[in-house]
Amino acid sequence: VTHVQATSTAPIESDADVLAALKDVIDPELGIAIVELGLIYRAARTATGIEVDLTMTSRSCPLADLLRQQAQEALQARFPESPAIRVELVWSPPWSPDRLSPEGRRRLGWTKTPRRPHRLRWFGWGRRQ
Amino acid sequence: MTAVAGHLGNSRRGHRFALMAVAAGALVAGLWAGLSRLGLPLPGGALAEWHGALMISAFLGTLISLERAVAIGRWAYAAPSVSAAAAVALLAGMPWLAAPLFLLASLALLAVALFVAIRQPALFTAVPVVATACWGAGTLAWIAGLDMREVTMWWLAFLVLTIAAERLELSRLLAPPPASRILFVIAVVLILAGAARGELATGPALFCGIGLPGMAAWLVRYDVALRTIRQPGQPRFSAICMICGYAWLTVAGVLLLVSPPDSAAFSYDAAVHAVALGFVLSMLLGHAPIILPAVTGVRVQINAAAYLPLALLHLSLMLRIAGDLEESTVLRAASGPLTVLALAGYAGLLIRTSRAFEPEGSP
């Protein structure tokens, strides 16, 4: 397990207001916001409007269209004046657990401190959650 | 324009509804056939022979391929469409037509799984390829006229591995150690070996007897369900459905070891239904409220009442297994209607809470 720095979970172009508007778009299986899961690759406010790049944890996830629609609705509600709102589904780079936010990790019960070495840790059995 | 039209488009939505309707029809017919098999005096007993094909291929095969099609789009709809056609053929009393159509559907789904696996090579994309191949293998065995128990074993492998692959995908959220995948692969190989040996037809079922509890242990250790159970509402309900399923998967393995499929009148029945009702249908109850909005555009809500049908499903299965082990016709016959009641009650609950997507402020 690589414990990456929290900064690497932030999208490349991240507008705080856009991300805040997406806080209530929740993955229904996990009960965790898509922002916390690191599914937002880009959240930008440009002169032409709002542009969001969204990914899924897997290409075979049938919730993609639904979550994109919900993101679109949330942004429309928050930025009714915006000339254009574009939420696009992207697959590159593939999602990885490194993208989880600290809050996402906390909700999933990740350990906060590095684990002590253990022979069985290779299989994850030595982990204390 | 409503959100429904924006989200799906009306013709595609109609197509999905039609496929869902066929799957639901297959479920009803499959349950009816199951009740006939338990000895309830129902008309249409000819259907009883096709209980397994209706439940696994016609109902779940169509549903699983529809779910994949929703994710991939366009050409991937070939699999659920052909599978639905096969289901209709089976319901119309034409198994000779249904079987090759199901084989075709499994090949179409295999193409979808391969498409995903080639785009993103990983264990969690490779396992659905193997799982779908099991659907095809079972259907080939059916066409070849093999013992229906051998067919069922392959089909159950299709379901178990499809679900396990989905959970493996989700388990990445916990960043499990890479070596944990070796344990997962061992469980998959054991289940496949059991299917290849036709363990349900011949017994003793050593490979599945170890492979199924092995898979359950892996899932208990690495699945997100034990974490998402802390999130109230829908995630907790789904997690409990999954965890109950893992318990039944373990029970199925133990049953296969202590009471091999050929050792008593109903030992086969007990193991098959511990997997099919305890693991697969329990998972389905948890999964339905998540997937229905994505597939149909209809939003459903889970409330505390949903735990009643879930509890009834598992109670009815306990009764069923007890009846199987005791060889009690009365217990077995009593369990069937309770299982159906649980599913009907759950469906009623979903319908009662359902509403179409209506964005705020739209007319």
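Side chains are part of it too, since the values below use all heavy atoms of this structure and drop only hydrogens, waters and symmetry mates. Just so we're on the same page: letters track the sequence lines, and every chain starts at 1.
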If you count heavy-atom pairs under 4.5 Å with chain B, which of A:Gly104, A:Ser58, A:Ser60 comes out on top?
A:Ser58
Measure A:Arg107 against the heavy atoms of chain B and call it side chain, backbone, both or neither at under 4.5 Å.
both
For residues 123-132 of chain B against chain A, heavy atoms under 4.5 Å, the residues are B:Phe124
Taking side-chain hydrogen bond (donor to acceptor under 3.5 Å, both in side chains) as the definition, give me every residue that meets it alongside A:Thr46, ordered by chain and number, with sequence neighbours left out.
A:Thr48
Can we call the ring centroids of B:Phe115 and B:Trp75 under 6.0 Å apart?
yes
When you check the gap from the basic side-chain N to the acidic O, do A:Arg42 and A:Glu51 get nearer than 4.0 Å?
yes
What part of A:Leu37 lies closer than 4.5 angstrom to a heavy atom of chain B: side chain, backbone, both or neither?
side chain
Exercise: identify the closest heavy-atom pair between B:Phe158 and B:Gly61
CE2-CA, 4.3 Å
A:Asp53/A:Arg86 salt bridge by N-O under 4.0 Å criterion
yes
Only pairs of heavy atoms separated by less than 4.5 Å count here; which of B:Arg119, B:Arg236, B:Gln234 has the most with chain A?
B:Arg119
Partner set under side-chain hydrogen bond (donor to acceptor under 3.5 Å, both in side chains) for A:Asp17, not counting sequence neighbours:
A:Arg45
Let me check something: any side-chain donor-acceptor pairs from residues 163-177 of chain B under 3.5 Å, sequence neighbours excluded? List them with distances.
{"unit_1": "B:Arg167", "atom_1": "NE", "unit_2": "B:Asp223", "atom_2": "OD1", "d": "3.1"}
{"unit_1": "B:Arg167", "atom_1": "NE", "unit_2": "B:Asp223", "atom_2": "OD2", "d": "3.2"}
{"unit_1": "B:Arg167", "atom_1": "NH1", "unit_2": "A:Glu29", "atom_2": "OE2", "d": "2.9"}
{"unit_1": "B:Arg167", "atom_1": "NH2", "unit_2": "B:Asp223", "atom_2": "OD1", "d": "3.3"}
{"unit_1": "B:Arg167", "atom_1": "NH2", "unit_2": "B:Asp223", "atom_2": "OD2", "d": "3.2"}
{"unit_1": "B:Glu169", "atom_1": "OE2", "unit_2": "A:Thr57", "atom_2": "OG1", "d": "2.8"}
{"unit_1": "B:Glu169", "atom_1": "OE2", "unit_2": "B:Arg172", "atom_2": "NH2", "d": "2.9"}
{"unit_1": "B:Ser171", "atom_1": "OG", "unit_2": "B:Leu168", "atom_2": "O", "d": "2.7"}
{"unit_1": "B:Arg172", "atom_1": "NE", "unit_2": "B:Glu169", "atom_2": "O", "d": "3.2"}
{"unit_1": "B:Arg172", "atom_1": "NH2", "unit_2": "A:Thr57", "atom_2": "O", "d": "2.4"}

